[in-house]
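Presented below is the structure to which this report refers.
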Amino acid sequence: MGKTGASLSDFAALISPAAAELMEPMARRAHALTQQRFGKVIRLFAPLYLSNECINNCKYCGFSRDNPILRVTLSVDEVLREAAALNGQGFRNILLVAGEHPKFVSGTYLKDCVAALHSEWPSISLEVGPMETEDYRPIVQAGAEGLVVYQETYERKIYDDMHTAGPKKNFDWRVETAERAYVAGFRRLGIGALYGLADWRYEALCVAAHADYLLRKCWKAYVTISLPRLRPCAGEFQPLTHMTDRDLAQLVCAFRLMFPDVGLVLSTREQAKLRDGLIPLGITLMSAGSHTEPGGYTGAGKENTHYTERGRIVELGASEWAPANGHVTNATGQFDIADERSPQEVAEIIRKLGYEPVWKDWDAALTT
Ligand code: SF4
């Protein structure tokens with residue numbers, strides 16, 4: 001897997017304001033490269049939120065410890081219920097997502113979830129709190145093949161400001177996560193920045209440098225880059241910087257031109273129309289029909305939600321924030337999604353654009 005031979009300074013030029021004037025030729029080249037390397041396919045995946053418990057305070061995230069929200073951690077049986085609903089929609093590629101909470105979301109719990117899903121799910125990835133290499137190994141052995149960890153921001157000062165409490169404050173521990181995951185045996189490594197914190201061009205350059213490093217250091221891995229922009233969430237954090245739709249399109253082209261074989265991931269954070277427009281520029285993986293709350297697909301776990309204020313469980317009805325007693329509802333989501341189309345509707349649009357939606361993209365059996 002490689003890059004074009006383009007350097008980071010070439011990449012800086014591709015994302016510059018001057019290059020924004022050259023979007024048409026950039027888009028044509030990015031489109032041709034993507035077709036050459038990936039064919040006319042878009043791979044679909046779904047996030048499955050296991051838990052919204054979290055011991056970190058990240059100012060931009062709805063799951064932040066201090067946010068007064070409804071929380072739950074699904075049991076393994078409830079995870080299977082959620083997964084069955086996604087399976088019924090056609091998905092075979094799943095991303096297990098959870099906040100960072102060693103008590104509720106332990107390594108053993110994650111391993112048990114993966115083991116329970118493994119027979120039905122050829123592709124399982126995780127987006128969870130960073131762990132030690134040794135703690136990843138049983139999860140890989142249970143059947144997980146991908147690990148996603150966003151640095152959020154590569155700007156250390158802003159990183160420090162955004163992460164006010166919890167182990168996530170440690171920038172270096174987080175930035176080294178993909179390498180630990182690779183050593184433990186993960187074969188898909190997902191990275192990215194959360195656009196809306198530092199200047200987008202600075203973040204993109206750091207993501208490119210990180211991807212370049214991983215492609216050389218973790219050369220057997222398949223690297224993906226996600227391009228999430230901040231969305232409204234509990235806590236009502238306002239973005240610190242702005243990235244326009246056009247900037248995002250330019251960035252998709254720039255990543256493709258720099259890294260022809262890297263997977264580019266687009267989530268339901270973006271509006272339907274923009275998502276459709278970005279497909280021909282280099283996107284290879286999309287989520288669809290997503291819910292960002294545990295139990296979002298079936299209502300699983302809603303009898304067990306509890307309310308927390310500043311990290312402490314409070315009785316329902318005990319404060320102006322806490323819902324009244326007897327109020328049974330889903331846990332709170334991480335952020336609001338923007339593309340609310342069903343997976344089938346998204347698949348249909350992908351076909352209309354001349355691409356094949358692919359639900360299953362990897363099978364352990366093929367490598368043995
Ligand atoms: S971004 Fe992750 S670590 Fe931070 S509060 Fe949200 S779930 Fe927790």
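When a ligand or atom number is given, it counts from 1 through the structure's own listing order. FYI, the numbering just counts along the sequence from 1.
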Derivation and outcome, side chain to side chain contact (heavy atoms under 4.5 Å, CB included), residues Arg81 and Tyr297: CA-CA 9 Å; Arg81 253 172 75 194; Tyr297 300 106; over 6 Å; no

Report the C-alpha distance between Tyr182 and Arg187 in whole Å, list the side-chain angles of each, state the deciding distance to 0.1 Å, and finish with yes or no for side chain to side chain contact (heavy atoms under 4.5 Å, CB included). CA-CA 7 Å; Tyr182 179 69; Arg187 286 294 170 262; 3.5 Å; yes

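Protein atoms of type N/O/S that fall under 2.8 Å from atom 8 (Fe) of ligand 1 number 1 in this view.
Remark: Arg231 fails to qualify as a cation-pi partner of Phe335 under the 6.0 Å distance and 45° angle criteria applied to the six-membered ring.
Ring geometry, Tyr159 versus His163: the interplanar angle falls from 30° to 60°, so the pair is classed tilted.
The two residues Trp359 and Ala347 come nearest to each other via the heavy atoms CZ2-CB, 3.9 Å.
Aromatic ring centres of Phe255 and Phe11: separated by under 6.0 Å.
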